[in-house]
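Labels below follow one simple rule: chain letters A, B, ... track the order of the sequence lines, proteins then strands, and each chain is numbered from 1.
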Number of protein chains: 2
Amino acid sequence: MPEIITQSIQDYLKHIYELNEHGGSASTNDLAARLNIAPASVTGMLQKLASSKPALVVYKKHQGATLTKSGEKAALEVIRHHRLLETFLVTTLGYSWDEVHTEADKLEHVISEDFEARMAEALGNPTRDPHGELIPTADLTMPADKSRPLASLRTDETATIQRVNSRDPNLLRHLDELGLIPNVQLEVIAHSTFDNNLTIKSGRKTHVLGLNITTKIFVI
Amino acid sequence: MPEIITQSIQDYLKHIYELNEHGGSASTNDLAARLNIAPASVTGMLQKLASSKPALVVYKKHQGATLTKSGEKAALEVIRHHRLLETFLVTTLGYSWDEVHTEADKLEHVISEDFEARMAEALGNPTRDPHGELIPTADLTMPADKSRPLASLRTDETATIQRVNSRDPNLLRHLDELGLIPNVQLEVIAHSTFDNNLTIKSGRKTHVLGLNITTKIFVI
DNA sequence: TATAAAATTTAGTCTGACCTAAATTTTATT
DNA sequence: AATAAAATTTAGGTCAGACTAAATTTTATA
């Protein structure tokens with residue numbers, strides 16, 4: 001029970017969680033890239049996390065890592081902190097959605113449970129952060145997500161933006177300028193089979209978006 | 001210029017600053033006690049801080065430490081963070097003045113300058129924190145303080161509480177219950193030469209306070 | 001299926017910030 | 001001033017979490 005979950009462990013767990021959502025298990029290299037750390041260092045940490053008292057991770061040589069139940073709880077705790085913080089920063093300190101990530105990345109490890117609870121209450125227990133990402137509930141469950149990438153839509157389909165899965169400030173600022181933010185409706189006007197560009201109409205504006213963008217925007 | 005001021009260095013500087021305010025230089029033992037660290041460890045760190053590229057501390061064997069100009073700036077930066085955070089926690093998240101210290105102690109090392117600036121603005125550039133302590137200005141100057149300890153007052157003197165210099169939650173809660181908080185007026189009714197108790201009247205209430213309390217309350 | 005390329009792990013190091021125990025210096029007391 | 005007590009420093013060690021270089025394994029390709 002008394003395991004010490006340090007800040008860097010929290011970071012590992014958070015990124016393993018996110019990588020697990022996509023493909024199956026989180027590879028050493030992907031983790032290293034996300035954490036800005038040498039792959040060798042990741043190996044060492046994964047071995048440690050896999051053999052800690054209550055294992056936080058299931059790890060098989062050359063096959064990457066998966067979270068255990070307790071690892072997932074710990075990850076969701078950090079993610080809840082992160083997303084509540086982002087929401088808090090936007091609504092109470094006027095941050096824009098492209099600025100919140102960096103700040104939340106630092107604060108998420110440091111705030112108390114009390115702080116978390118006070119934020120949640122002050123914000124009216126929000127279910128999504130400023131990017132539209134789901135906020136894990138107080139009992140550390142991740143609500144189901146039904147959205148699909150904008151890239152999967154075809155001509156004449158219509159949808160509503162639910163979330164933007166990117167932490168790149170430039171992309172976020174750009175989308176903000178285009179008015180492509182959560183809850184905005186759009187219609188696919190055309191699809192190019194060559195480069196997979198999508199031409200979409202939103203309000204009275206039309207945009208042509210490449211895969212780099214359409215795979216980051218999720219709609220419903 | 002590129003010196004790395006880690007979290008623990010920030011803690012050292014902050015406490016050296018506070019100890020310097022009282023007596024002259026901060027002794028190894030006092031620092032150790034405040035930081036909850038073995039004295040030997042403090043010695044090592046002081047030597048390091050004294051011989052870093054821009055020295056942060058002036059240190060003489062067996063005589064404790066003093067801050068250099070750059071050390072003081074760094075300390076004031078942390079203290080500004082801390083006191084702004086306390087104010088912020090009270091006004092935007094409904095914390096009480098006895099709860100803010102712990103949280104601010106962690107956050108102070110982590111927030112960005114941007115966060116600091118946004119808080120200051122949102123709060124209307126406050127000059128004092130919830131305990132009445134002065135907040136260093138944005139250009140890292142500590143305003144002059146003219147208050148004196150309540151313990152120094154004598155019968156018939158009257159004064160206004162300016163600040164309460166304690167981080168003990170129990171004491172703070174107690175004072176809050178007594179209504180002895182910043183900006184409250186009081187009058188000294190009696191002074192005991194034996195135990196230095198002060199009998200004070202504030203509003204319609206009368207209290208007898210020992211040195212343990214009267215040296216923590218500062219008035220003007 | 002051999003082999004080159006990519007991914008991963010092993011082995012050995014380093015650094016920051018702490019620790020304990022022993023040695024030394026300073027301060028206080030007779 | 002001698003000496004006991006308190007404060008401080010030195011010396012040697014630990015631990016977490018990173019690193020590099022070399023070794024190994026897996027995957028992809030000719």
S.K.: Regarding A:Asp139 and A:Thr137, is there a side-chain donor-to-acceptor distance under 3.5 Å anywhere?
M.R.: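 Distance-only check passes for A:Asp139 and A:Thr137.
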
S.K.: Test of understanding: with side-chain hydrogen bond (donor to acceptor under 3.5 Å, both in side chains), list the residues that count as partners of A:Tyr95, not counting sequence neighbours.
M.R.: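 Per chain and number, A:Tyr95 pairs via side-chain hydrogen bond (donor to acceptor under 3.5 Å, both in side chains) with A:Glu103.
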
S.K.: Grab the CD-C1' distance between B:Gln10 and C:dA17 for me, whole Å please.
M.R.: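 These atoms are roughly 15 Å apart.
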
S.K.: Any Lys/Arg nitrogen of A:Glu108 or A:Arg80 sitting under 4.0 Å from an Asp/Glu carboxylate oxygen of the other?
M.R.: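 Looking at A:Glu108 and A:Arg80, the cut-off is not met.
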
S.K.: Under a plain distance cut-off of 3.5 Å, with no hydrogens placed, do A:Asp11 and A:Ser8 share a side-chain donor-acceptor pair?
M.R.: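 Per modelled atom types, A:Ser8 and A:Asp11 side chains form no pair under 3.5 Å.
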
S.K.: Is there a donor in the side chain of A:Asp145 and an acceptor in the side chain of A:Ser147, or the other way round, less than 3.5 Å apart?
M.R.: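 Per modelled atom types, A:Asp145 and A:Ser147 side chains form a pair under 3.5 Å.
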
S.K.: Take the protein atom CG of B:Asp11 and the nucleotide atom P of C:dA17, then report the distance between them rounded to whole Å.
M.R.: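 Result: 11 Å.
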
S.K.: Return the value, rounded to whole Å, for the distance between atom CD1 of A:Ile9 and atom C1' of D:dA18.
M.R.: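 So the two atoms are 13 Å apart, to the nearest Å.
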
S.K.: Would you say the ring centers of A:His109 and A:His81 fall short of 6.0 Å from each other?
M.R.: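 Not close enough - the centres of the two rings lie 6.0 Å or further apart.
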
S.K.: Would one find a side-chain N or O of A:Tyr12 under 4.0 angstrom from OP1 or OP2 of D:dA16?
M.R.: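 The answer is no; no side-chain N or O of A:Tyr12 sits under 4.0 Å from OP1 or OP2.
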
S.K.: Checking B:Ser192 against B:Asp195: is there a side-chain donor and acceptor pair closer than 3.5 Å?
M.R.: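 Yes - a donor-acceptor pair under 3.5 Å links their side chains.
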
S.K.: Could you encode protein contacts along nucleotides 7-13 of chain D as a string, one character per nucleotide from 5' to 3', using B for base contact, S for sugar-phosphate-only contact and - for no contact, with a heavy-atom cut-off of under 4.0 Å?
M.R.: SSBB---

S.K.: Using atom CD1 of A:Ile4 as one end and atom P of D:dG17 as the other, report the distance to the nearest whole Å.
M.R.: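 One finds 9 Å between P of D:dG17 and CD1 of A:Ile4, rounded.
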
S.K.: Any luck finding a side-chain donor-acceptor pair between A:His22 and A:Glu18 under 3.5 Å?
M.R.: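 No, A:Glu18 and A:His22 have no side-chain donor paired with an acceptor closer than 3.5 Å.
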
S.K.: Got a sec, which residues hit side-chain contact (heavy atoms from CB on, under 4.5 Å) with A:Gln63, two or more places apart in sequence or on another chain?
M.R.: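 In terms of side-chain contact (heavy atoms from CB on, under 4.5 Å), with neighbours along the sequence ignored, A:Gln63 is linked to A:Lys60.
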
S.K.: Using the test side-chain contact (heavy atoms from CB on, under 4.5 Å), find all partners of A:Asp98 that sit at least two apart in sequence or belong to another chain.
M.R.: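 A:Asp98 satisfies side-chain contact (heavy atoms from CB on, under 4.5 Å) with A:Ser96, A:Pro169, A:Leu172, A:Arg173 once adjacent residues are dropped.
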
S.K.: Near DNA chain C, counting only heavy atoms under 4.0 Å, which residues of residues 31-38 of chain B show up?
M.R.: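 Residues of residues 31-38 of chain B under 4.0 Å from DNA chain C: B:Ile37, B:Ala38.
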
S.K.: Taking atom types as modelled, find out whether B:Arg163 and B:His131 have a side-chain donor-acceptor pair closer than 3.5 angstrom.
M.R.: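 The criterion, which ignores hydrogens and geometry beyond distance, is not satisfied for B:His131 and B:Arg163.
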
S.K.: Under 4.0 Å from any atom of DNA chain C, heavy atoms only: list the residues of residues 101-112 of chain A that qualify, in numerical order.
M.R.: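 Heavy-atom cutoff 4.0 Å gives no residues at all.
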
